Amino acid sequence: MTSSLNEKYKDFFEQVYQVVRLIPEGRVTSYGAIAKFLGSKKSSRMVGWAMNVSHVLKDVPAHRVVNRVGLLSGKNHFKTPTLMQELLNEEGVTIENDIVVNFSNLFWDPSKELYL
DNA sequence: TGTTTGACTGGGA
DNA sequence: CTCCCAGCCAAAC
């Protein structure tokens, strides 16, 4: 909210990582929600690309980011195709057929629950 | 340097 | 319900 915080955010990618790090444990959000929060609703693909690069950054919980219907669309980009689901299970999130169960209830919208 | 692809999304047929 | 298309833009080809 403050200019000092905004100044901290230089690139789109950095902003994405920052938001993803703030996702509470056991909650999930979508690429589009992050993109919208960052001001470019239609740049959700870039959020996905940022995630693709982010797996080298250890503190980015990319497993908490799914697509708008709760599908684990990025699971194949993890070390193993099952890792994403396993990480979510550890946090108490149930996955069924690659879909987050009770997604709408677990959905964490940064533009509604996060205030900078 | 031009084209294709993609961890996306919303709208339309 | 499914399928298709346009917009988005960095990276890969």
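In the text below, chain A, chain B and the rest are named by the order of the sequence lines, each starting its count at 1. Since this is a predicted model, take the numbers as computed values, not measurements.
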Using a heavy-atom cut-off of 4.0 Å across all strands, would you classify [X] as base, sugar-phosphate, or nothing?
X	answer
A:Lys75	nothing
A:Ala62	base
A:Ser40	nothing
A:Asn67	sugar-phosphate

From B:dA7, B:dT9, C:dA10, nucleotide with atom closest to A:Phe13 side chain: C:dA10
For the side chain of A:Arg45, starting at C-beta, report the closest nucleotide among C:dG7, B:dT9, B:dA7.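 Nearest to the side-chain atoms of A:Arg45, counting from C-beta on, is C:dG7.
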Could you state the atom-to-atom distance from [atom1] of [X] to [atom2] of [N] in whole Å?
X	N	atom1	atom2	result
A:Leu83	B:dA7	CG	C1'	14 Å
A:Met51	C:dA10	CE	C1'	14 Å
A:Asn52	B:dA7	CG	P	7 Å
A:Phe103	B:dC8	CZ	P	13 Å
A:Lys36	B:dT9	NZ	C1'	12 Å
A:Arg68	B:dC8	CZ	P	11 Å
A:Tyr31	C:dG7	OH	C1'	19 Å
A:Lys42	C:dC9	NZ	P	10 Å

Does B:dT9 have its OP1 or OP2 closer than 4.0 Å to a side-chain nitrogen or oxygen of A:Ser30? yes
A:Ser73 side-chain N/O to B:dC8 phosphate OP1/OP2 under 4.0 Å: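 Checking A:Ser73 against B:dC8: at least one side-chain N or O falls below 4.0 Å of OP1 or OP2.
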Counting C-beta onward and ignoring hydrogens, is there a side-chain heavy-atom pair between [X] and [Y] closer than 4.5 Å?
X	Y	answer
A:Arg27	A:Val93	no
A:Val101	A:Ile95	no
A:Thr29	A:Ile34	yes

Which heavy atom in A:Val65 sits nearest to a heavy atom in A:Val20, and how many Å separate them?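 Heavy atoms only, the tightest pair is CG2-CG2, 3.9 Å.
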B:dT1 versus C:dC8 - spacing of their P atoms, nearest Å: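 Per the computed distance, 24 Å lies between those P atoms.
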Considering only the P atoms, how many Å lie between C:dC4 and B:dT5, rounded to the nearest integer? 15 Å
Let me spell it out: for each of A:Trp49 and A:Ser44, pick the nucleotide of DNA chain C with the closest heavy atom. Which residue's pick is nearer the 5' end?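 Between the two, 5'-proximity favours A:Ser44.
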Any chance the side chains of A:His63 and A:Glu91 put a donor and an acceptor closer than 3.5 Å?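 Yes, a side-chain donor-acceptor pair sits under 3.5 Å.
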Reading DNA chain B from 5' onward, which residue's closest nucleotide shows up sooner: A:Val69 or A:Met46? A:Met46
